[in-house]
Visitor: 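Please find one structure pasted underneath; my questions will follow.
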Amino acid sequence: MITRRNMMVGVAAGGATLALAKFSLAGVRVDMTLPELPYGYDALEPHIDSETMKIHHDKHHAGYVAKLNAALNDSAPDWQKKPIEEIVANYKELPEAIQTAVRNNGGGHFNHSLFWTMMAPAGKTGKPSDAVTKAINDGFGSMDEFKKQFTAKAAGQFGSGWGWLVMDANRKFSCVGTANQDNPVNNGLVPLLGIDVWEHAYYLKYQNKRADYITAWFNVVNWNRVNELFVSAK
Ligand code: MN3
């Protein structure tokens, strides 16, 4: 079982390829199957409810994996051997007929594989390392200001999408939003922390109150994982 892969992410700007950043998904299974949750469905209660976790993982994430495999099976079966982050970053090289399916479902598989590891039960969330704290202070001024900007991106994402803390090739932090199942790697950025703001991620418990979900979600942020991603992206 391959549990770790590295990749080079290039961002094209002005005709030149700039800002190469190596991104390692330490500890994330990157094959084409549904990864198990690293904790029980109820482990994130009361912030994220058990029923939401079960449907989200067993139905939504499983659906992305199945549809991604179906798309690649037909037109590009050799791509099923590639790590998911490589598929997501390079989907435009695929036959046009399956690009949208791979973008959406490959992105869904990638984002959710990350997402589960970016949350942890009480007592296992850790805290930002000194290096991550410094990068947050350099990027935003303070932890409170980071949370404010992250929340603004996540709450303000129109329709379905994600809010992210990302790092650029100069290791500078910022917050971005992505629509649908797009991921910051498509823009040469390393995702360090991401929140799913599709309604399926919160509607059962929070209904239309996305901001309340985001506030509660900060209680389950796995800072150990953020620290790990920060170190592994070199
Ligand atoms: Mn989701």
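Just follow the structure's listing: the first ligand is 1, and inside any ligand the first atom is 1.
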Visitor: So what's near the Mn ion (ligand 1), protein N, O or S atoms under 2.8 Å?
Guide: His56 NE2, His112 NE2, Asp196 OD2, His200 NE2
Visitor: Could you work out, with ring pair (Phe, Tyr, Trp, His ring centres under 6.0 Å) as the rule, every residue matching Phe173, not counting sequence neighbours?
Guide: Phe230
Visitor: Any donor-acceptor pair under 3.5 Å linking the side-chain atoms of Asn104 with those of Gln181?
Guide: no
Visitor: Please determine which of His56, Glu36, His61 meets the side chain to side chain donor-acceptor pair (under 3.5 Å) test together with Trp116.
Guide: His61
Visitor: Do the rings of Phe146 and Phe140 sit parallel, tilted or perpendicular, given the 30° and 60° boundaries?
Guide: tilted
Visitor: Examine His112 together with Trp198 and report whether their ring centres are nearer than 6.0 Å.
Guide: no
Visitor: Taking the six-membered ring of Phe218 as reference, does the NZ or CZ atom of Lys147 fall below 6.0 Å from its centre and within a 45° cone about the axis?
Guide: yes
